[in-house]
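A quick write-up on the structure given underneath.
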Amino acid sequence: MSKKLVAYFSASGVTKKAAEALAEAAGADLYEIKPEVPYTRADLDWMDKKSRSTLEMNDPASRPAIAGKVSGMDAYSVVFVGFPIWWYTAPSIIKTFLESYDFAGKTVIPFATSGGSGLGKTANDLRAVCPAADIKDGKLLNGRPSAAALGSWVKELGV
Ligand SMILES: Cc1cc2nc3c(=O)[nH]c(=O)nc-3n(C[C@H](O)[C@H](O)[C@H](O)COP(=O)(O)O)c2cc1C
């Protein structure tokens, strides 16, 4: 069996819950992608054109710094990467994460939570910054999927 990691970013705790349940269902280790500078409530205000999240998401070159590192990344062949949908795609910090390691030969499986949007072209956005990985289309894990549902998704993926 391949060694699996669930790495996630969660600004307000929703994706964190999904990540914990998925790690349990997949028998994976868990790693939180923590921003060096945590996001405040004001930073997350998507109505504000000048908020940190708006500015980051409007700048394709934005790569918010991550505090810490995954230890022993080389040992993982499958990495689930979880995040909230921001502006119909992954937050910029996920690009930072994907550019921080050598993903050659690894399978990356995105998952997300959202206020209702789907993953859209998120997987393609991630493929563009991390061409070395085999990035699957992934899944939206809204509404607290059951352990059984998560387990059958992992089985379906064959990882
Ligand atoms: C800056 C920002 C942008 C967002 N953009 C979207 C969006 O485009 N579509 C959507 O359905 N939800 C959007 N949301 C809502 C989050 O995806 C949703 O609340 C998510 O579950 C939060 O996860 P978290 O608690 O792990 O951070 C956005 C939230 C923030 C803070």
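Position 1 is the first residue of the sequence, and the numbers go up from there. Since we're looking at a predicted model, the values are computed, not measured. Read the numbers this way: they start at 1 and go in the same order the structure lists the ligands and their atoms.
Of the heavy atoms in W46, only side-chain atoms (C-beta onward) come closer than 4.0 Å to ligand 1.
Each of D137, I135, I85 was scored for a side-chain contact (heavy atoms from CB on, under 4.5 Å) with T122, with one residue passing: I85.
Between D125 and K121 there is a salt bridge, with a side-chain nitrogen of the basic residue lying less than 4.0 Å from a carboxylate oxygen of the acidic one. One finds no salt bridge joining E99 and K95 here, because no Lys/Arg side-chain nitrogen approaches an Asp/Glu carboxylate oxygen to under 4.0 Å.
The ligand atoms of ligand 1 that sit less than 4.0 angstrom from a heavy atom of L44 are 1 (C), 31 (C). Ligand-side atoms of ligand 1 in range of A11: 24 (P), 26 (O), 27 (O), range being under 4.0 angstrom from any heavy atom. For ligand 1 and G116, the ligand atoms under 4.0 Å from any heavy atom of the residue are 11 (O).
Closest protein heavy atom to atom 12 (N) of ligand 1: G115 N, 3.0 Å. S53 OG, 3.4 Å is the protein heavy atom nearest to atom 1 (C) of ligand 1. Ranking protein heavy atoms by distance to atom 25 (O) of ligand 1, first place goes to S12 OG, 2.4 Å. For atom 5 (N) of ligand 1, the nearest protein heavy atom (residue, atom name, distance) is W87 N, 3.0 Å. Nearest non-hydrogen protein atom to atom 8 (O) of ligand 1 is Y88 N, 2.9 Å. The protein atom (non-hydrogen) at minimum distance from atom 21 (O) of ligand 1 is T113 OG1, 2.7 Å. Regarding atom 9 (N) of ligand 1, its nearest protein heavy-atom neighbour is S117 OG, 2.7 Å. Among protein heavy atoms, the minimum distance from atom 22 (C) of ligand 1 is reached at P84 CB, 3.5 Å.
Counting only N and O atoms by type, the side chains of S114 and N142 include a donor and acceptor under 3.5 Å apart. For the residue pair D43 / S51, no side-chain donor-acceptor distance below 3.5 Å is found, with atom types taken as modelled. No side-chain N or O of Y101 forms a donor-acceptor pair with one of D74 less than 3.5 Å apart.
Considering backbone and side-chain atoms alike, W86 places every N or O at 3.5 Å or more from each N or O of ligand 1. Note: no N/O pair closer than 3.5 Å links F9 and ligand 1 by distance alone.
In this structure, L141 CG and L119 CG are separated by 8.5 Å, a value rounded to the nearest 0.5 Å.
Using a 4.5 Å heavy-atom cutoff, the side chains of Y31 and V6 are not in contact.
Note that K3 lies in the cation-pi zone of Y76, set by a 6.0 Å cut-off to the ring centre and a 45° limit from the axis.
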Checklist entry - Stepwise, does the ring pair (Phe, Tyr, Trp, His ring centres under 6.0 Å) test hold for Y39 with F9? => result CA-CA 11 Å; Y39 289 85; F9 164 67; 5.7 Å; yes
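Closest to atom 6 (C) of ligand 1 by heavy atom, among T15, N142, I85, T54, is I85.
Within a 4.0 Å radius of atom 19 (O) of ligand 1, the protein has no heavy atom.
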